[in-house]
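Just so it is clear, the values below take in all heavy atoms, side chains as well, and ignore hydrogens, waters and symmetry mates. Residue numbers begin at 1 in each chain, while the letters A, B, ... track the order of the sequences.
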Amino acid sequence: MEEVRVRFPPSPTGYLHIGGARTALFNWLFAKQHGGKLILRIEDTDEERSTQASIDGIIEGMQWLGIDWDEGPYFQTEFSQDHIDAANRLLASGQAYKCFCTKEELEQKREAALAQKKSDVGYDGTCRHLSAEEIAEKEAQGIPYVIRFKVPERQGTLFYDDQVLGRIERAYSEFEDFVIVRSNGKPLYLLCNVVDDIRDRITHIIRGQDHMTNTTRQVLLYEALEAPLPSFAHMPLTLDLKKRKISKRSHGEIVAVQFYRDNGFIPWALCNFLCLLGWNPGTEQEYFSREELIQAFDLSRMSRVNSVFNFRPGDAKFFTDPKLIAMNEHYLRSMDLEALGTMVQKELAAADLWDEAYATTQKDWYLHTLGLIRDRFHTLKDFTTAGRAYFAEDYGVDPKPLKKNVLKHPDLKTWLPQLAERYKGLADFSAETTEQLCREFADELEIKPGILINGMRTVLTGQLAGPSMFDIVTTLGQERVVARLSNIDHLYTEA
RNA sequence: GUCCCCAUCGUCUAGUCAGGUCCAGGACACCGGCCUUUCACGCCGGCAACACCGGUUCAAAUCCGGUUGGGGACGCCA
């Protein structure tokens, strides 16, 4: 059987956004499932807009997501001779022609056609039937020209079988003679893309529905270039809540893969979320390991409907799609602790909270702590913010619990240091003994234990909520607990 | 405007191709309860959709036609 070869061809005119990432992901899944190859090809023929920063961003984004490729990155500009050769071949075989019409002329004709409400606003074919003499004359005059593809004069419709949408048809009469080479001699996307896909022996083209009109024209090019037609699969698009195509310009960083990397998301959670946007396995399974997803993926189960990336700018809860947040939380809570430890290490290091001992002598403590606190977190960032008290002494105290659990009970100012004294003398510092001692103290004071417990939580972690109090106490350790409980005057003075 | 694609809960979707088992299932979000002297997790429950009109049929979310609606494309961008 022929080897499956797919490609991801981003144009480096912006960062990798989630729509592009999803396209890459689907191609990657398809390749993996069929034991095929994924080719990364940077389509940088638009010199005006292509940037190195964008190329770096795309590559970093894919690496972060874990979408690896088998060949490339190739750069389209490195193959410009191939594109020029192909254009010349089409010219020589009479399947393309030189067009000397200027942009201004075409613009005028176009406006005139629109003014008359004519549907046909395409190229009128003025230069299509120029004689050899006329062409030679114009060339001799140095009139610049573009090369247009000569759409075959045929009745009926052109069609291809889309792997997602089924049979797609378009009447030949709907095509205009489209430009394949600019007047500056540079070939255009429509041609370059086909030439590259032929050279790279691409067997399946999986891309967004926004390419559908390109596809019908490209089918014509494959035919003219006498190359076998690959399979096409057009995926639904990703829209915003107002049903607009998501883009950097209108949506900003929230649609950039980098945003999720910088905001504590787990790469696989993003992949898992993205693959469910426009695809489903036909079962009720929603969480997949990498291997499960490769196994389950199937182009025929791709949706034909555009999907909405549900985020609401300015809404803290919906800063990105809540289902994506939920998935991130799921992986945060269920993933292997070692793997989580590696991810959190990067966050701690970036916040200057990392201690090498966490990887060596204190590794057990480190992983245990992550396991204890991760249930309440949403992103990896929370380990350095809400979880800061476990890794540093300079954690802040949230005003809300400070007021509710500490300041409301002025006597805690003396009670907590007293409790610290008792903890200091405790030989066996365990969850059981610390709890027992705490409750006994509450009994003596004739107060509810909750007053001490909630006060302790606020003082020890700075947070309103957290794990079971005495798990916190044992995790923090006797020394830190005693020190923090003894030294609470500043909480009252600062407030 | 022209061509192409599409149409199930607020969102992601199952069910449509092979009509009945669907007064439509799951997930997220939301609401309530249990658990917990915190908060989450977890568990239990609730709210919530077949765009509309016609046709075919004993029977339509499912097939057909139309309407409306949405999206995409219409560049010497990719």
Side-chain angles (χ1 to χ4, degrees), chain A residues 9-13 43-46 48-50 76 99 101-103 106 110 113-114 117-122 144-148 162 164-166 168-171 173-176 178-190 192-193 208-217 234 236-237 239 241 243-245 273 276-287 300-301 303-311 317-318 321-327 329 333 373-378 401 404-405 439 442 448-454 456-458 463-469:
Chain A
S11 63
T13 55
E43 308 225 318
D44 56 349
T45 53
D46 184 347
E48 303 276 304
R49 297 193 298 154
S50 296
Q76 196 161 49
C99 170
C101 297
T102 65
K103 276 184 190 175
L106 294 174
R110 187 189 181 80
L114 276 174
K117 291 187 178 168
K118 276 180 151 182
S119 60
D120 185 14
V121 292
Y145 61 85
V146 298
I147 298 176
R148 286 182 185 274
D162 191 287
V164 172
L165 300 169
I168 302 297
E169 301 188 52
R170 189 175 173 196
S173 57
E174 290 298 328
F175 291 88
E176 64 171 318
F178 53 90
V179 176
I180 53 176
V181 180
R182 296 175 172 98
S183 55
N184 66 5
K186 300 259 167 82
L188 278 130
Y189 165 79
L190 231 33
C192 300
N193 190 246
Q209 284 182 11
D210 50 346
H211 280 283
M212 286 180 73
T213 51
N214 287 333
T215 300
T216 47
R217 288 184 290 179
H234 290 99
L237 269 17
L239 313 174
L241 213 47
K243 299 276 176 76
R244 289 177 310 197
K245 203 166 101 168
F273 170 79
L276 254 23
L277 228 45
W279 177 87
N280 77 81
T283 65
E284 286 182 351
Q285 183 174 2
E286 298 208 292
Y287 288 99
S300 72
R301 290 207 59 87
S303 169
R304 289 169 297 278
V305 196
N306 293 162
S307 44
V308 171
F309 184 61
N310 185 19
F311 72 101
K317 180 92 186 167
F318 285 78
D321 194 306
K323 192 150 183 165
L324 170 54
I325 298 172
M327 288 195 143
E329 291 167 351
R333 280 161 201 151
I373 61 181
R374 66 173 169 176
D375 273 0
R376 288 156 188 81
F377 290 171
H378 310 288
K404 182 184 168 193
N405 297 331
R439 288 181 185 280
K448 287 192 286 189
I451 293 174
L452 288 179
I453 291 171
N454 289 330
M456 280 168 74
R457 188 192 321 283
T458 305
Q463 300 291 307
L464 178 64
S468 169
M469 191 57 239

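With C1' as the reference atom, B:C12 and B:C52 are 25 Å apart, rounded to whole Å. Distance check on atom C1': B:U68 versus B:A51 gives 8 Å, rounded to whole Å. B:C17 and B:C64 are spaced 9 Å apart, taking the P atom of each and rounding to whole Å. Using C1' as the reference atom, B:A78 and B:A61 are 39 Å apart when rounded to the nearest Å. A distance of about 12 Å separates the C1' atoms of B:C9 and B:C28, rounded to the whole Å. For B:G70 and B:A48, the P atoms lie 27 Å apart once the distance is rounded to whole Å. Comparing the C1' positions of B:C50 and B:G25 gives an interatomic distance of 13 Å, to the nearest angstrom. The gap from the P atom of B:C6 to that of B:G65 amounts to 13 Å, rounded to the nearest Å.
Out of B:C77, B:G71, B:A29, the shortest distance to the side chain of A:A326 is found at B:A29. Closest to the side chain of A:L188, from the set B:G26, B:G71, B:C77, is B:C77. Across B:U13, B:A78, B:A7, the shortest atom-to-atom separation from the side chain of A:V305 is found for B:A7. Closest contact between the side chain of A:Q209 and the listed nucleotides B:A78, B:C5, B:C6 involves B:C5. In this structure, of B:G71, B:C41, B:G26, it is B:G26 that holds the atom nearest to the side chain of A:E286. Comparing atom distances between the A:E174 side chain and each of B:U38, B:G10, B:U2 picks out B:U2 as nearest. When each of B:A78, B:C12, B:A73 is scored by its nearest atom to the side-chain atoms of A:T213, the top-ranked nucleotide is B:A73. Checked against B:A40, B:G71, B:C12, the side chain of A:L237 finds its nearest nucleotide in B:G71. Of the candidates B:C5, B:A14, B:C41, B:C5 carries the atom nearest the A:M212 side chain, counting heavy atoms from C-beta on.
Spacing between atom CG of A:N310 and atom C1' of B:C30 amounts to 12 Å, rounded to whole angstrom units. Between the CD1 atom of A:I168 and the P atom of B:G71 there is a distance of 19 Å, given to the nearest Å.
For B:C58, the paired base is B:G20 (Watson-Crick or G-U wobble, both distances below 3.5 Å). Base pairing of B:C74: its partner is B:G1, meeting the Watson-Crick or G-U wobble criterion (both donor-acceptor distances under 3.5 Å).
The side chain of A:K103 places no N or O atom within less than 4.0 Å of a non-bridging phosphate oxygen (OP1 or OP2) of B:G75. Close to B:A78, at under 4.0 Å from its OP1 or OP2, lies a side-chain N or O of A:T45.
The 5' end of RNA chain B is approached more closely, in terms of each residue's nearest nucleotide, by A:R457 than by the other of A:S11 and A:R457. Residue A:G282 is the one, among A:G282 and A:G450, whose nearest nucleotide of RNA chain B lies closer to the 5' end (criterion: closest heavy atom).
With hydrogens and angles left out, the side chain of A:R304 and the base of B:C5 share no donor-acceptor pair within 3.5 Å.
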